[in-house]
Amino acid sequence: MNIHEYQAKALLKEYGAPVADGVPVFEASEAESAAKKLPGPLYVVKSQIHAGGRGKGKFRELPADAKGGVRLAKSLEEVVQNVNEMLGNTLVTKQTGDEGKQVNRLYIEDGADIDRELYLSILVDRSTGRNAFVVSTEGGMDIEAVAEETPEKILTLPIDPATGVTEADCNRLCEALKLDGAAKEDGKTLFPILYKAYTEKDMSLLEVNPLIVMTDGHLRVLDAKVSFDGNALFRHDDIMELRDKSEEDEKEIEASKYDLAYVALDGNIGCMVNGAGLAMATMDIIKLYGAEPANFLDVGGGATTEKVTAAFKIITADPAVEGILVNIFGGIMRCDVIAEGVIAAVKEVGLKVPLVVRLEGTNVEKGKQLINDSDLNVIAADDLDDAAQKIVNAVKG
Ligand code: ADP
Ligand code: MG
C-alpha cells in the first residue's frame with residue numbers, strides 16, 4: 001500500500017526526521033489560511049498523487065507551457081492562484097501513464113533554499129536478503145537513468161539486521177553523499193531514524209528524492225515516497241487509516257474484498273488462473289503468441305464459487321478485455337467449482353467476448369460436463385499452449 005507525500009512526511013517527522021512545515025489542502029478555499037500557517041515568503045504547492053515525476057509532469061487541462069505539478073510560489077496570492085489552477089485537474093507524469101491522475105489534494109510547504117539534491121532510499125536488497133540503503137549524489141532527477149548511465153555514482157549498502165545502522169554504516173553513507181560539517185552530523189542522526197521508521201512500520205520502500213543539503217548546510221527530507229508491505233498491514237491500524245482508495249485501481253479494490261490476488265495490466269486478454277506460478281506462465285504464453293494480458297489473477301487454492309464469480313465479474317467489467325482465458329489446474333481447487341463460478345457469473349453479467357476454458361486435474365470431467373450442459377459459448381482447450389493460441393486467435397479474428 002502506498003501513501004501520499006504529506007502523510008509520509010508527517011510519519012517521518014514523528015520519528016524526528018527534518019522535514020519542512022506544510023499543510024495539506026483539499027479545497028481551494030483552504031489555500032490562503034493554510035499558507036498563512038507557514039513562515040513564507042517562499043512556498044511550494046505540491047500535487048499529492050501516488051506517483052512520482054510530479055515536478056516535470058503536465059496538467060492535461062492546462063496549456064502545454066503551464067507549470068508542472070510542483071510549483072514555487074513567492075506570495076500568498078501566488079499560492080492561491082496555483083491552488084486554483086491545479087486542484088481537480090489531471091496530472092500526467094512519467095509514472096502515471098497517459099491517463100494521468102486527478103489531483104484531489106495539494107500540499108503547501110515551506111520553500112527550502114537548496115544547495116544540493118541527493119538521492120536516498122531504503123528497500124529490500126534481494127541479492128543479500130537484507131534491507132539496504134541506496135544513495136547517490138545525483139538526486140532530484142531520474143535515478144533509473146543514473147543507474148543505467150553512471151552506476152558508479154550509486155552506493156547500495158545492506159544493513160545487518162542484528163546491529164541496525166552502525167556508525168560505520170553512517171560514515172559510508174556520509175562519504176558516498178559527500179556530506180561534511182552540519183550535513184554530516186545531520187546524516188548520522190537521520191540514517192538510523194529512517195531505518196527505524198522503515199523497519200517498525202513494515203515499509204517495503206522508503207524513498208527520499210531529493211534529500212537536500214540546504215544553503216545553511218543542514219539536511220532536509222524534501223520528497224518522501226513510502227510503500228508498505230501489504231502482508232504486515234494487519235498490525236498497523238494507524239497506517240491503514242492513511243489509505244486513499246481514490247488512488248487505487250477500482251478493480252483491485254474489488255478483488256481485495258474477495259481476497260483475490262489481482263493486478264490490472266494494459267493488455268486485452270483477461271485471465272483467470274489458479275496459482276501464482278501458473279498465472280505467470282499463462283501471461284508469458286499469451287505474450288509468446290503475440291497478445292498482452294489484461295490482468296494477473298490468481299483465484300487461489302481454496303476458492304469458492306462465490307470467489308470465482310467475483311473474479312469473473314471483475315474481468316468482464318474491464319472494458320479493455322476482448323477475450324477471456326480461464327486456465328485451471330485443479331489440485332486443491334476443483335475444476336467443477338471453477339465451472340460453477342464461471343457459469344454463475346456469466347448468467348449474472350452476460351458474456352460479450354470469446355471465452356476459452358482449459359481445465360485439468362481434480363474433477364475435470366465434472367467441470368467439463370457442467371460447462372457442456374450450460375449453453376455457454378465456450379471454446380474448450382486441451383492444454384496451455386492450445387488455450388493460449390485459441391484465445392489469441394479469437395481476439396485477433
Ligand atoms: P517529484 O519527485 O514528484 O517531481 P519532488 O517533491 O521531488 O516531486 O519535487 C520536485 C522538485 O521540486 C525537487 O527536486 C525540488 O527541486 C523542488 N522542490 C520540492 N519541494 C520543495 C520545497 N519545499 N522547497 C524548494 N524546492 C522544492
Ligand atoms: Mg521527488
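Indexing begins at 1, ligand by ligand and atom by atom, following the structure's order. Residue numbers start at 1 and run along the sequence shown.
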Whether the [X] and [Y] side chains hold a donor-acceptor pair (N or O, under 3.5 Å, no angle test) is what I'd like checked.
X      : Y      : result
His50  : Asp244 : no
Tyr289 : Asn393 : no
Glu85  : Asn89  : no

Just need the protein heavy atom nearest to [atom], so name the residue and atom and give the distance.
atom                    : answer
atom 4 (O) of ligand 1  : Gly55 N, 2.7 Å
atom 2 (O) of ligand 1  : Asp223 OD2, 3.1 Å
atom 22 (C) of ligand 1 : Val44 CG2, 3.3 Å
atom 20 (N) of ligand 1 : Lys46 NZ, 3.2 Å

- request: Step by step, work out the side-chain hydrogen bond (donor to acceptor under 3.5 Å, both in side chains) result for Ser227 and Asn2.
  value: CA-CA 4 Å; Ser227 306; Asn2 298 324; 2.7 Å; yes
Taking non-hydrogen atoms only, is [X] closer than 4.0 angstrom to ligand 1 via side chain, backbone, both or neither?
X      : answer
Arg54  : both
Asp110 : backbone
Ile114 : side chain

query: Can you check whether Asp216 reaches Asp113 side chain to side chain, under 4.5 Å on heavy atoms?
result: no
message: Within the 4.5 Å heavy-atom criterion, are Asn327 and Cys271 side-chain neighbours or not?
response: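 SC-SC contact between Asn327 and Cys271 ruled out.
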Close approach, Ala20 and ligand 1, non-hydrogen under 4.0 angstrom: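 No, Ala20 has no heavy atom closer than 4.0 Å to ligand 1.
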field: Reported CZ-to-CG distance for the pair Arg116 and Leu219, which is rounded to 0.5 angstrom
entry: 9.0 Å
Atoms of ligand 1 less than 4.0 Å from [X] heavy atoms?
X      : answer
Gly52  : 3 (O)
Val70  : 8 (O), 9 (O), 12 (O), 19 (C)
Asn209 : 7 (O)
Gly111 : 24 (N)
Glu109 : 20 (N), 22 (C), 23 (N)

message: For the 3.5 Å polar cut-off, considering only N or O atoms, please tell me whether Gly140 and ligand 1 meet it.
response: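 Looking only at distances, the answer is no, because the N/O contact criterion of under 3.5 Å is not met.
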- prompt: Taking the six-membered ring for Trp, are Phe133 and Tyr195 parallel (under 30°), tilted (30 to 60°) or perpendicular (over 60°)?
  reply: parallel
query: Under 4.0 Å from atom 11 (C) of ligand 1, do we find at least one protein heavy atom?
result: no
From the candidates [options], the one that places a heavy atom nearest [atom]:
atom                    : options                       : value
atom 25 (C) of ligand 1 : Ala112, Ala224, Gly139        : Ala112
atom 15 (C) of ligand 1 : Lys56, Lys225, Glu117, Glu207 : Glu117
atom 18 (N) of ligand 1 : Val45, Leu222, Ile108, Thr93  : Leu222

- line: Closest to the Mg ion (ligand 2), among the N/O/S atoms of Asp223, is atom OD2
- prompt: Counting N and O atoms only, with roles assigned by atom type, does the side chain of Thr93 sit under 3.5 Å from a partner on the main chain of Gly52, one being a donor and the other an acceptor?
  reply: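 Present.
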message: Main chain of Ala264, side chain of Glu252: is a donor-acceptor contact present, judged purely on distance under 3.5 Å?
response: yes
query: Is the count of non-hydrogen atoms from other residues, nucleotides or ligands lying under 6.0 Å from Ile114 atom CD1 greater than 12?
result: yes
message: Checking salt bridge (Lys or Arg N to Asp or Glu O under 4.0 Å) between Lys201 and each of Asp229, Asp238, Asp237, which is the one that passes?
response: Asp238
